[in-house]
Amino acid sequence: MEGADSPVCLSVTVSSSKPNVEVHEHSDAVLSCEFRTEKDQNPRIEWKKRGKGVTFVYYNNKFMGSYAGRAKMEGATLTLHAVSQKDSGEYRCEVTASEDHVNLGEATVALSVLVPPHVPSCDVPSSVFIGADLELLCKDQLSVPPATYRWFKDNKALAPSGDSPYSVDAKKGSLKFKSVSRDDAGMYRCESSNSVGAPKSCVAQRLKVIEYPLNMTILIAGASGFVALVLICCICVCICRRRGCCKKSKKTKSARSYHPPAPPPPPTRTFKHYRQTQSFMI
């Protein structure tokens, strides 16, 4: 049978010798793409980046957008120069061979751009009252992979134990105190680190531990006493009402002031119809 021993390529095939690429920031990233076609000797090659949408990297034999001037193509392999964190993502190599039976093939390459630690932001208050709870925060949002954190007091690393008055979260970068004491005063700083570069630290900041001022103490005591007095009065009123001591008496209608009626006017005599019946002689 003719051609029985020779492999038959029925369609375009696309692959990548390195589907996962990790490079440091500002270095070059090589995204490999190899293909083979059945008949088409001049297939169309495209590169796209997947994100919230699809961004064209290489289309119609030229680089698009921000990739123009900082990328090159060798065969179907794409090289990006001076990559940054924005270049991280999933890239797709597409080869279209219009003369083949199945004319489209593709391969995916994931690019991770590694970023060394940056100087973290450290949230340390200037002062705190004795006995208050306190949380110091540290964050480096730029490092890849995400940084882990250590806190230092007076240039000594804080390593909490079972009886320590504080706790440290190395992933979140927090340092928590349940009840601050005078011994917690000092210079605090935080250090971020990952596997890519050297650790970075923020500038140490001083934390003062102060007592409540006398006028504040008096104010707090006075407010507490007033609240207690009001509470006691409310309790006494409730007890009195339950025992019936504080029932409201019905108000009697106020008696109206009595005004005696005015006496009738004296009768008036009329002489119109009076006739003399007798005469008196002296």
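Everything numeric here is computed off the predicted structure, so don't read it as measured data.
Taking each heavy atom of Ala147 and Ser192 in turn, the nearest pair found is CB-CB, 3.9 Å. For the residue pair Ala97 and Thr37, the shortest heavy atom distance occurs at CB-CG2, 3.9 Å. Across all their heavy atoms, Val83 and His24 have their closest contact at CG2-O, 3.9 Å. The minimum heavy-atom distance between Pro120 and Ser201, with the atom names listed, is CD-C, 4.0 Å. Closest heavy-atom contact between Asp87 and Arg70: OD1-NH2, 2.7 Å. Nearest approach of Leu80 to Ala71, heavy atoms of both residues: CD2-CB, 3.8 Å.
Checked by atom type, the side-chain pair Ser16/Ser32 shows a donor-acceptor distance below 3.5 Å.
Remark: the backbone N or O of Arg92 is not paired with any side-chain donor or acceptor of Glu106 at under 3.5 angstrom. Between the Ser88 side chain and the Val113 main chain, a donor and an acceptor come within less than 3.5 Å of each other. Side-chain atoms of Asp154 never come within 3.5 Å of backbone atoms of Gly186 as a donor-acceptor pair (strictly under, hydrogens ignored). Between the side chain of Gln205 and the backbone N or O of Cys122, at least one donor-acceptor pair lies under 3.5 Å. Remark: the backbone N or O of Asp140 is paired with a side-chain donor or acceptor of Tyr149 at under 3.5 angstrom.
Met64 and Tyr67 are assigned to two separate hydrophobic clusters, defined by single-linkage of ILVMFWY side chains at heavy-atom distances under 4.5 Å. Trp47 and Phe63 fall within a single hydrophobic cluster, where Ile, Leu, Val, Met, Phe, Trp and Tyr are joined by side-chain heavy atoms under 4.5 Å apart, directly or via other members. Note: the hydrophobic cluster containing Val128 also contains Tyr166 (ILVMFWY, side chain heavy atoms under 4.5 Å, direct or indirect links). No continuous path of ILVMFWY side-chain contacts below 4.5 Å connects Leu111 to Val115, so the two sit in separate hydrophobic clusters. Connection of Val57 to Val23 is established within a shared hydrophobic cluster, with ILVMFWY side chains joined at heavy-atom distances below 4.5 Å, either directly or through further cluster members.
Going from atom CG of Asn194 over to atom OG1 of Thr148 covers 7.5 Å, rounded to the nearest 0.5 Å. In this structure, the separation between OG1 on Thr79 and CE on Met73 is 9.0 Å, given to the nearest 0.5 Å. Interatomic distance, Asp133 CG to Phe177 CZ, rounded to the nearest 0.5 Å: 11.5 Å. Between the CG atom of Asn20 and the CG atom of Leu31 there is a distance of 11.0 Å, given to the nearest 0.5 Å. With values rounded to the nearest 0.5 angstrom, Thr108 atom OG1 is found 11.5 Å from Lys48 atom NZ. The distance from atom CD of Glu46 to atom CG of Leu78, rounded to the nearest 0.5 Å, is 13.0 Å.
Using a 4.5 Å heavy-atom threshold, the side chains of Val12 and Pro43 count as separate. Side-chain contact between Gln141 and His118 is absent, with no heavy atoms from C-beta onward closer than 4.5 Å. Counting heavy atoms from C-beta outward, Pro145 and Leu114 have side chains that approach closer than 4.5 Å. A heavy-atom distance below 4.5 Å is not found between the side chains of Glu25 and Leu142. At a threshold of 4.5 Å between non-hydrogen side-chain atoms, the residues Asp40 and Ser98 count as touching.
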Can you list the steps and then say if Lys18 with Val109 is a side-chain contact (heavy atoms from CB on, under 4.5 Å)? CA-CA 7 Å; Lys18 195 173 183 180; Val109 180; over 6 Å; no
Assess the residue pair Leu207 and Leu134 against the criterion (side-chain contact (heavy atoms from CB on, under 4.5 Å)); give the C-alpha distance rounded to whole Å, side-chain angles, the decisive distance to 0.1 Å, and a yes or no. CA-CA 11 Å; Leu207 174 67; Leu134 177 65; 3.8 Å; yes
Could you walk me through whether Ile210 and Phe129 pass the side-chain contact (heavy atoms from CB on, under 4.5 Å) check? CA-CA 5 Å; Ile210 58 178; Phe129 288 116; 3.7 Å; yes
Would you check, one step at a time, whether the test side-chain contact (heavy atoms from CB on, under 4.5 Å) holds for Tyr91 with Val21? CA-CA 11 Å; Tyr91 291 79; Val21 177; over 6 Å; no
For residues 155-162, please give each side-chain donor-acceptor pair under 3.5 Å, one per line with the distance, not counting sequence neighbours.
residue : atom : partner : partner atom : Å
Asn155  : OD1  : Arg189  : NE           : 3.3
Ser161  : OG   : Asp163  : OD1          : 2.9
Ser161  : OG   : Ser164  : OG           : 3.0

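Looking at residues two or more places apart in sequence or on another chain, you find no side-chain hydrogen bond (donor to acceptor under 3.5 Å, both in side chains) involving Glu99.
For Lys176, the NZ atom sits in a loose shell: 12 or fewer heavy atoms of surrounding residues, nucleotides or ligands are nearer than 6.0 Å.
Remark: Cys138 SG to Cys190 SG, distance under 2.5 Å.
The aromatic rings of Tyr188 and Trp151 stand perpendicular to each other, their planes meeting at an angle above 60°, with 30° marking the opposite boundary.
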